[in-house]
Amino acid sequence: MKPVIGITSSYAKISEFSEGVYIHHDYHRAIEASGGIPLILPLVHPDLFLETLDLCDGVIFSGGEDVAPQFYGEEPHQNLEMVSFDRDRMEIAGIQKVISQDKPLLAICRGIQVLNVALGGTLFQDLPSQYPGALQHRQKIPRPLATHSVKVNGDSKLAYIIGQREIRVNSLHHQAINQVAPSLTVVGRSPDGVVEAVEDPSKGFLIGVQWHPESMFPWDPNAKALFQEFVRRSAERKNLMTI
Ligand code: MN
């Protein structure tokens with residue numbers, strides 16, 4: 001059986017009659033194309049979420065709402081956008097469990113932010129107003145297209161996986177990592193110095209990226225390499241567990 005990849009979801013209200021779980025289809029398409037079984041994880045009580053994670057061989061913490069600043073000891077900035085305390089609480093508990101089990105974890109956009117907060121770091125609540133000289137990180141071009149460059153540390157796992165030290169990525173965020181959590185290493189930054197990629201080199205596969213590789217997947221070999229390695233590591237772990 002293929003590895004099961006859990007993907008956390010957002011809340012969306014489409015109409016008076018239609019509201020609930022939302023995930024951009026690029027996430028599950030990229031997992032499907034990489035040989036995994038995508039399993040979309042709804043918002044549930046944190047205890048149940050921890051049980052749900054037992055079904056997964058690897059987990060994607062996906063994009064979505066801003067992380068509530070109370071989780072890193074700050075008051076809300078006036079440009080803070082929609083937050084979900086319940087999602088934050090659930091995902092912070094989940095990240096700690098996934099890491100303690102050394103299960104492959106890929107954190108994307110909001111995912112890299114909540115990963116950093118779960119491990120004791122802080123965020124910029126709003127780059128345009130809190131980070132002088134910030135590039136345009138909320139691109140005005142279609143989601144799959146790359147907009148800014150990222151320099152990747154040559155000795156990182158990410159560089160090893162993609163085989164590149166300078167890449168171009170899309171950018172759909174207004175928050176970013178501020179103080180980096182003690183257990184994470186910054187392995188990629190945009191030219192303005194904003195953190196765009198982190199990893200924990202002591203883990204099998206623990207990588208966070210601030211861009212959206214799932215949406216670049218159809219055309220970008222770097223995004224493909226990242227997803228394929230993530231699914232491969234998840235498959236490996238699944239096989240280890242069933243021996
Ligand atoms: Mn960016």
Side-chain angles (χ1 to χ4, degrees), residues 7-8 10 23-24 26-27 30 60-67 69 72 74 77 79-83 91 95 105-119 121-154 156-159 161-162 164-181 184-200 206-227 230:
I7 308 170
T8 61
S10 300
I23 188 74
H24 196 288
D26 287 348
Y27 287 97
I60 291 180
F61 287 84
S62 68
E65 302 88 345
D66 283 359
V67 180
Y72 49 94
E74 284 187 15
H77 184 275
N79 293 341
L80 182 72
E81 297 179 1
M82 174 101 89
V83 296
E91 290 192 351
I95 284 166
L105 189 164
L106 178 58
I108 293 177
C109 198
R110 166 195 156 84
I112 190 178
Q113 296 162 7
V114 73
L115 169 70
N116 189 53
V117 170
L119 299 175
T122 68
L123 304 180
F124 291 109
Q125 294 187 41
D126 179 59
L127 280 178
S129 52
Q130 294 186 313
Y131 195 99
L135 294 172
Q136 174 58 268
H137 285 277
R138 202 171 237 176
Q139 69 186 40
K140 309 289 188 260
I141 53 174
R143 184 178 170 108
L145 300 180
T147 183
H148 69 66
S149 62
V150 168
K151 277 210 164 64
V152 181
N153 286 11
S156 63
K157 288 195 175 188
L158 181 62
I161 292 167
I162 63 181
Q164 307 283 335
R165 294 188 181 190
E166 178 146 5
I167 60 175
R168 294 197 64 80
V169 301
N170 55 5
S171 194
L172 296 148
H173 60 110
H174 82 115
Q175 300 204 310
I177 289 179
N178 184 358
Q179 283 174 337
V180 184
L184 296 176
T185 305
V186 175
V187 296
R189 288 184 193 269
S190 44
D192 53 4
V194 167
V195 174
E196 289 274 343
V198 297
E199 61 188 39
D200 180 343
L206 200 183
I207 294 179
V209 294
Q210 187 55 74
W211 65 94
H212 283 275
E214 78 284 2
S215 294
M216 300 173 69
F217 185 94
W219 67 269
D220 179 41
N222 300 323
K224 236 173 224 163
L226 184 59
F227 268 88
F230 170 61

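Whatever order the structure lists ligands and atoms in, that order sets their numbers, starting from 1. Predicted model only: the values in this text are computed from it and were never measured.
- Between the side chains of Glu214 and His212, a donor-acceptor pair is found at a separation under 3.5 Å.
- For the Mn ion (ligand 1), the count of nearby protein N, O or S atoms, meaning those under 2.8 Å away, is 5.
- Residues Gln210 and Val194 fail the side-chain proximity criterion, which asks for heavy atoms closer than 4.5 Å.
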Compile the donor-acceptor pairs under 3.5 Å between side chains in residues 146-153 and protein atoms, sequence neighbours left out, one pair per line.
| residue | atom | partner | partner atom | Å |
| --- | --- | --- | --- | --- |
| His148 | NE2 | His137 | ND1 | 3.2 |
| His148 | NE2 | Ser171 | OG | 3.2 |
| His148 | NE2 | Glu196 | OE2 | 3.1 |
| Asn153 | ND2 | Val186 | O | 3.2 |

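- Under the rule for a salt bridge (charged side-chain N to carboxylate O under 4.0 Å, His left out), the partners of Arg138 that lie at least two apart in sequence or sit in another chain are Glu81.
- With sequence neighbours left out, the side-chain hydrogen bond (donor to acceptor under 3.5 Å, both in side chains) criterion links Asp200 to Ser202.
- Put simply, CG on Leu226 and CD1 on Ile108 are 7.0 Å apart, with the number rounded to the nearest 0.5 Å.
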